[in-house]
Amino acid sequence: MGRAAGSWRGAALACGLALLVLGGRAAALDNGLARTPTMGWLHWERFLCSTDCAREPLSCISEQLFMQMADLMVSDGWKDVGYEYVCIDDCWMSTTRDDQDRLQPDPERFPSGIRKLADYVHSKGLKLGIYGDVGNKTCAGFPGSYGHYDLDAQTFADWGVDLLKFDGCNFGTLNQLSEGYRNMSLALNKTGRSIVYSCEWPFYMRLLQKPNYTEIKHYCNHWRNFVDVYDAWNSIKSILDWTAVHQDSIVDIAGPGGWNDPDMLVIGNFGLSWDQQLTQMALWAIMAAPLFMSNDLRHISPQAKALLQNKDVIAINQDPLGKQGYRITKENNLELWERPLAGGAYAVAVLNRQEIGGPQTFSFSTSFLGNGLACNPACSIQQILPTSEDWGLHNWVSFLNVEVNPTGTVLLKVVVIGESPGEMPLMNIHKKKSPDIL
Ligand code: GAL
């Protein structure tokens, strides 16, 4: 548990000033939370706004659903590998506030109340997340928090909530959107409870104005930039493309305490082939993304479960250096991504975007990785996905031939060996490479 954030308001102002003066790497929201990307389960993509428990008793948004997921998170090994937050999304509320103006859950679907649900989740050693909206109404039309930020933050804290996903529908003016996100952050902090603050601020802001990520990181633990994920390859592709196109403005800001959120993992559902599920898991690790599964833990294939619980991939996602990865190149439908890891190691993903034909081979020099440093003078390479394999020792003049299925990904971990003589002069990932490098 991170330290309860009680007194950073003054410090925050001073720090904000320092940032203006110094520029450079942005300070994260100082609540001690999300030092590595948050991991858990979130209901939205799989269960949406199903409120008719008579018709859909097993999938309606009810306390029973979250209790069952909490049970399975413990009994089926999810908690052991790091998934910790059981999160409620939209549609948990009653359509009106109570007589003291507080948000209240739908009484039929949450008859025991959120406090009891939080107690239950905590008794399992897990944490509870909840959902609210900065505007007048949530995206699904339930009461929004506009004008009630302090009251709602206090209500969530009184209930024992550990994470707030704060949506941005129905926000009024841009100023109200930004004020709302800032005020809710301050309100959560004032409660003295450690509550992870998950924002959609830049996504809504971008519709009107370029987001200020330094400020967003100062107030939020993670933030959505782009549209909702769907259970479809088109959706995963568009998220990856958006991220790669905007990497110059979003990668450097990510770090302990503040992460870009490309939205939920849909592995274990219906829409992605096996290779596409590998791609989502590998690239979410490269992107240092929060890992919120949205699937049905009661019905999940052993294969999907093993992928989501793969400790080597999770270790890359949770790497303590906390740097987000980026795309190095895209050539002939083959993409090369890398993520710097602690100890001078790199995670490397090769993705085949060609949707016709069979496996493609991408051949590249190891000197292309880590700005020339990853295998300099030598490195050991471990294949992490699709299967764990030892690729042995390589050096800075080695060539790698990586065969990748259509829409699939091969994920590698490259660990440098020996003293590096320094950066290779001819390498610069931000510049167009000469053809003979590949
Ligand atoms: C969207 C949000 C989704 C989900 C939904 C609920 O705006 O991006 O992740 O929370 O609202 O209505």
Side-chain angles (χ1 to χ4, degrees), residues 37-52 56 59-62 65-66 69 85-95 103 105-106 109-110 114 128-146 152 156 161-172 174 176-178 180-181 184 195-208 211 216 220-232 234-236 238-239 242-243 250 259-267 269 271 280 284 287 289-296:
T38 310
M39 294 176 66
W41 183 91
L42 175 62
H43 95 241
W44 185 255
E45 194 289 322
R46 179 64 189 254
F47 293 98
L48 297 169
C49 193
S50 168
T51 54
D52 188 345
E56 300 179 308
S59 56
C60 66
I61 308 312
S62 68
L65 181 69
F66 297 98
M69 292 307 152
Y85 288 79
V86 182
C87 300
I88 308 171
D89 207 287
D90 205 347
C91 305
W92 61 272
M93 294 176 202
S94 167
T95 51
L103 292 172
D106 180 277
R109 294 181 286 117
F110 293 85
I114 305 295
L128 183 72
I130 207 161
Y131 168 97
D133 190 284
V134 74
N136 282 318
K137 282 188 185 310
T138 72
C139 299
F142 292 87
S145 291
Y146 182 68
D152 292 354
F156 297 144
V161 162
D162 307 292
L163 177 150
L164 174 64
K165 172 175 173 176
F166 210 41
D167 211 335
C169 273
N170 308 304
F171 62 79
L174 187 60
Q176 282 168 347
L177 177 83
S178 295
Y181 272 105
M184 185 49 108
I195 300 177
V196 173
Y197 187 39
S198 170
C199 302
E200 293 203 33
W201 186 1
F203 168 58
Y204 288 96
M205 188 169 189
R206 195 174 280 280
L207 306 171
L208 300 159
I216 289 165
C220 302
N221 289 121
H222 23 92
W223 48 86
R224 286 265 311 279
N225 293 309
F226 190 56
V227 297
D228 293 0
V229 70
Y230 276 61
D231 187 13
N234 262 340
S235 169
I236 304 301
S238 66
I239 292 170
W242 189 92
T243 305
I250 65 167
W259 311 97
N260 291 293
D261 178 5
D263 212 1
M264 293 159 265
L265 292 168
V266 294
I267 294 163
N269 290 321
Q280 193 184 27
W284 263 234
M287 292 189 291
L291 298 181
F292 288 106
M293 304 178 281
S294 193
N295 49 19
D296 189 344

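Whatever order the structure lists them in is the order used to number ligands and atoms, beginning at 1.
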For Arg224, atoms of ligand 1 separated by under 4.0 Å from a heavy atom: 8 (O), 9 (O)
Can you tell me which residue and heavy atom of the protein come closest to atom 9 (O) of ligand 1, and the distance to 0.1 Å? Lys165 NZ, 2.7 Å
Are side-chain N/O atoms of Asp167 and Tyr131 paired as donor and acceptor at under 3.5 Å? yes
Partner of Phe156 under side chain to side chain contact (heavy atoms under 4.5 Å, CB included), chosen from Leu103, Ile114, Leu128: Leu103
Check whether any N or O atom of Tyr204, backbone or side chain, sits under 3.5 Å from an N or O atom of ligand 1, and answer yes or no. yes
Close approach of Glu45 to ligand 1, heavy atoms, under 4.0 angstrom: no
With a 6.0 Å cut-off (strictly less than), is the heavy-atom count around OH of Tyr146, excluding the residue itself, greater than 12? no
What part of Phe203, side chain from CB on, backbone N/CA/C/O, both or neither, has a heavy atom under 4.0 Å from ligand 1? neither
Testing the 3.5 Å rule here: is there a donor-acceptor pair between the side chains of Asn260 and Trp223? yes
Residue Cys139 vicinity, atoms of ligand 1 by number, heavy atom under 4.0 Å: 1 (C), 7 (O), 11 (O), 12 (O)
Polar-atom distance check: Asp167 versus ligand 1, any N or O pair below 3.5 Å? yes
Side chain Asn170, main chain Gly135, donor-acceptor under 3.5 Å: no
Between Thr138 (side chain only) and Gly132 (backbone N and O only), is there a donor and an acceptor less than 3.5 Å apart? no
Closest approach of any protein heavy atom to atom 4 (C) of ligand 1, naming residue and atom: Asp89 OD1, 3.4 Å
The closest protein heavy-atom partner of atom 5 (C) of ligand 1 is Trp44 CE2, 3.6 Å
To which protein heavy atom is atom 3 (C) of ligand 1 closest, and what is the distance rounded to 0.1 Å? Asp228 OD2, 3.4 Å
Using only heavy-atom distances, determine whether the side chains of Arg46 and Asn269 contain a donor-acceptor pair under 3.5 Å. yes
Where does the angle between the aromatic ring planes of Tyr181 and Trp201 fall among parallel (under 30°), tilted (30 to 60°) and perpendicular (over 60°)? parallel
At what distance is the nearest protein heavy atom to atom 12 (O) of ligand 1, and which residue and atom is it? Asp90 OD2, 2.8 Å
